[in-house]
There are 2 protein chains.
Amino acid sequence: MTIYDIAEKAGVSASTVSRVINNKPGIKAATRDKVQKLLKEYNYTPDENARGLVNKATKLIGILMADIRNSHHSELAYVVEKKLREYGYCSLILNAGYEPKMMAESIRILEQRKVDGIMLVGSAFQNDIVEKELRERMSDKPVVMANGYLDLPNAYGILVDERDGIRQSVDLLYSKGKRKIAFIVNLGTPSSYEKLHGYEDGLAKHGLSEEKMIIEVPETTIESGFIGARELVGKHPEVDAVICAEDLMALGVIRILNELNIKIPTQMAVVGVNNSVYGEVSFPSITTLDNKMSETGLMAAQILVDCLSGEEKPHKIMLFSTLVERETT
Amino acid sequence: MTIYDIAEKAGVSASTVSRVINNKPGIKAATRDKVQKLLKEYNYTPDENARGLVNKATKLIGILMADIRNSHHSELAYVVEKKLREYGYCSLILNAGYEPKMMAESIRILEQRKVDGIMLVGSAFQNDIVEKELRERMSDKPVVMANGYLDLPNAYGILVDERDGIRQSVDLLYSKGKRKIAFIVNLGTPSSYEKLHGYEDGLAKHGLSEEKMIIEVPETTIESGFIGARELVGKHPEVDAVICAEDLMALGVIRILNELNIKIPTQMAVVGVNNSVYGEVSFPSITTLDNKMSETGLMAAQILVDCLSGEEKPHKIMLFSTLVERETT
DNA sequence: TTGTATGCGTTATCAT
DNA sequence: ATGATAACGCATACAA
């Protein structure tokens with residue numbers, strides 16, 4: 001069913017049908033009604049792709065993330081997709097993994113699909129290869145990055161001040177009397193370095209820099225939590241608090257502590273990051289940094305659609321994370 | 001950059017360029033090389049939408065799910081998106097929520113986008129409104145349902161035998177000496193009724209039908225687990241095991257039991273469903289039904305692409321769930 | 001107020 | 001082996 005079919009049945013030309021569909025003025029009410037009736041009757045919906053061809057706008061947005069199974073990413077994707085849909089955009093979601101080469105490949109796919117804009121989810125996309133690919137293939141379209149920033153004229157970044165957030169965590173632990181505070185982290189993303197700096201800031205603020213204890217782990221999984229916890233209790237029994245760069249790792253730590261019958265939070269306090277469901281459901285429940293994924297996603301989506309409708313928008317926005325205190329502190 | 005631009009630079013016609021791009025035979029090697037060099041040089045990629053217009057195939061697949069934040073759904077979406085991409089398809093992911101009307105609306109959007117096929121994730125889509133909408137708007141395109149089935153000539157369903165799975169759970173609990181086995185469930189989806197029947201099957205098998213104890217809860221959240229657990233320990237102190245229709249509810253139950261100092265699994269055994277990360281990270285870790293989300297997704301995606309390339313495929317496939325025994329039994 | 005003609009980027013058919 | 005042309009479904013400038 002095309003506008004030509006409808007036109008024929010209505011006894012008008014295709015352009016008239018097109019005008020009715022797009023609510024253009026200058027159509028006799030009677031004609032409009034007649035056409036609209038046919039439109040309903042035949043369940044007609046315009047072909048968005050054909051529209052895109054002439055309008056030079058597909059109403060398609062590419063959403064790139066490392067892995068949608070990461071609750072962090074899926075939460076963001078959820079709000080972004082919903083918001084974009086309100087404005088008539090459809091979301092092309094691609095799992096690009098953590099390899100910059102695969103990210104570049106995904107950007108190529110999105111170029112080919114002629115998306116109107118791109119949303120990058122996660123600071124993992126903050127790398128040279130992605131930047132180069134965007135510069136070459138997406139220089140004329142808005143690129144919004146959730147939780148990161150790229151220095152491109154058409155790029156916009158919504159950042160969460162995780163550095164400050166981790167500093168807050170140190171404050172909290174300090175106020176609880178903790179003085180030997182460790183930090184478990186996988187240094188795989190720019191964001192993890194931000195957190196590391198926040199940890200150092202916090203220690204410095206309280207004159208604890210000498211006590212710095214960073215435990216690097218291979219991933220951000222619960223197993224990495226196990227590894228980190230074992231190293232902690234094995235080599236550094238004096239530690240009385242630990243900040244984990246992700247809730248999942250905190251979960252692993254807690255499990256080991258539970259198994260070893262180390263009392264939480266009296267003997268060992270634990271802080272996580274992400275305010276994920278994991279933190280809520282853990283026993284004991286985890287004090288965690290809320291890095292505002294929903295707000296970030298909402299704002300990122302809003303900036304994208306605003307840019308798409310020609311508005312001027314700031315290229316860098318900073319959101320502040322807040323601590324959610326639960327049972328582990 | 002279009003094929004005309006490339007053609008001009010190469011001193012050939014657009015058709016020749018098109019032939020080179022699509023590896024059609026009957027092109028002089030020299031011409032082919034010259035064109036290919038230009039293609040690389042200008043970073044040319046064909047416009048998939050324009051292609052779709054003439055090919056009558058967009059290489060777009062619509063993936064419909066209630067909520068991508070549900071780990072169950074995101075895991076499936078992940079494998080599906082990856083598999084589809086291998087075959088050159090792009091995934092349009094829509095969160096349709098749990099309202100049939102919104103699901104129908106989403107199907108309309110996908111029709112408008114001229115997707116080549118649809119993947120429905122979750123038995124929530126197994127309802128009359130969705131069926132009607134598919135019949136009206138998608139009768140000529142393959143529709144694959146992960147974890148459910150629709151009786152449409154163009155529909156394919158990958159089902160997981162959760163009924164049998166829950167029956168297995170009862171077997172396990174019985175073998176552990178449990179005789180008062182309760183079942184906590186939110187009866188919101190067809191799948192939940194399957195599980196209920198499995199519970200009844202299991203009881204019947206062991207002559208325990210008299211002991212049937214079903215606790216209905218309002219949602220499938222951890223809070224529903226709280227509610228179920230409180231009702232359980234409050235009104236039915238004799239119960240020695242409970243099967244929860246979702247891991248998240250099992251998590252809630254475990255938390256309450258922990259707080260009340262009820263020993264798991266000796267005083268009360270717990271079984272969940274989904275084999276989610278939640279079950280792994282819980283303390284104690286949850287014995288759960290693995291309902292094979294990755295396998296289901298992989299198979300669903302494969303069937304979709306096979307149908308799209310004209311192959312005949314079975315309309316109904318059943319996968320079997322397996323029990324993952326952990327600390328709660 | 002409405003119709004005709006054209007073009008968007010591509011592939012396919014028919015010539016040559 | 002290659003080019004001209006039509007067609008896909010739609011929107012729009014221009015004509016009437």
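Since the model is a prediction, treat every value here as computed from it, not as a measurement. Numbers restart at 1 for each chain; the letters A, B, ... are given by sequence-line order, proteins then strands.
Looking at which nucleotide of DNA chain C each of B:K24 and A:A50 is closest to, the 5′-most match is held by A:A50. Two residues, B:R32 and A:R51, neighbour DNA chain D, and the one matched to the more 5' nucleotide by heavy-atom proximity is B:R32.
A salt bridge links A:E131 to A:R135: one of the charged nitrogens lies within less than 4.0 Å of a carboxylate oxygen. Salt-bridge annotation for B:E136 and B:K132: present, with a side-chain N of the basic residue lying under 4.0 Å from a carboxylate O of the acidic one. Salt bridge present: B:E133 and B:R108 bring a charged side-chain N and a carboxylate O closer than 4.0 Å. A salt bridge between B:R85 and B:E81 is present, with a side-chain N of the basic residue lying under 4.0 Å from a carboxylate O of the acidic one.
In this structure, B:Y4 atom OH and C:dG9 atom P are separated by 10 Å, rounded to whole Å. Regarding B:L53, its CG atom lies at a distance of 9 Å from the C1' atom of C:dG9, rounded to whole Å. What separates CD1 of B:I6 from P of C:dG9 is a distance of 13 Å, to the nearest Å. To the nearest angstrom, C1' of D:dC10 lies 13 Å from CZ of A:R19. Straight-line distance from the CG atom of B:D5 to the P atom of C:dC8: 10 Å, rounded to whole Å. Regarding A:E8, its CD atom lies at a distance of 13 Å from the P atom of C:dT4, rounded to whole Å. Between the CD atom of B:Q112 and the C1' atom of D:dC10 there is a distance of 12 Å, rounded to whole Å. Taking atom CD1 of residue A:I21 and atom C1' of nucleotide D:dG9, one finds them 10 Å apart after rounding to whole Å.
Here the side chain of B:V54 is nearest to one of D:dT12, D:dC8, D:dG9, namely D:dC8. For A:K28, whose side chain is taken as the heavy atoms from C-beta onward, the closest listed nucleotide among D:dT12, C:dT1, D:dT2 is C:dT1. Relative to the side chain of B:S13, the nucleotides D:dC10, D:dA4, C:dG9 differ in distance, and D:dA4 lies closest. Taking only side-chain atoms of B:I27, from C-beta outward, the nucleotide of D:dT2, D:dC10, C:dG3 with the closest atom is D:dT2. Relative to the side chain of A:T2, the nucleotides C:dT10, C:dT1, D:dG9 differ in distance, and D:dG9 lies closest. Side-chain proximity of B:D47 to the nucleotides D:dT2, D:dC10, C:dT10 is greatest for C:dT10. The A:N55 side chain lies nearest to D:dA11 when the options are C:dC8, D:dC10, D:dA11.
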As a quick check of understanding, evaluate side chain to side chain contact (heavy atoms under 4.5 Å, CB included) for B:I63 and B:L94, giving each step before the final call. CA-CA 6 Å; B:I63 304 185; B:L94 267 60; over 6 Å; no
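Dashed line: the shortest gap from a side-chain N or O of B:N22 to OP1 or OP2 of C:dT11 is under 4.0 Å. Look at A:T31 and you'll find a side-chain N or O under 4.0 angstrom from OP1 or OP2 of C:dT2.
Within 4.0 Å of A:K114, counting heavy atoms only, lies no atom of the nucleic acid at all. The residue B:S15 sits close to a base: some heavy atom pair falls under 4.0 Å. Here A:S18 lies in heavy-atom contact (under 4.0 Å) with a base.
A:Y89 is linked by a ring pair (Phe, Tyr, Trp, His ring centres under 6.0 Å) to nothing, counting only residues two or more places apart in sequence or in another chain.
Cation-pi geometry between A:K9 and A:Y42 is met: the NZ or CZ atom falls under 6.0 Å from the ring centre, inside 45° of the normal.
For the pair B:Y156 and B:M145, the minimum side-chain heavy-atom distance is 4.5 Å or more.
Five base pairs at each end of the helix from C:dT1-D:dA16 to C:dT16-D:dA1 define two local axes, and these are offset by 50° (rounded to 10°).
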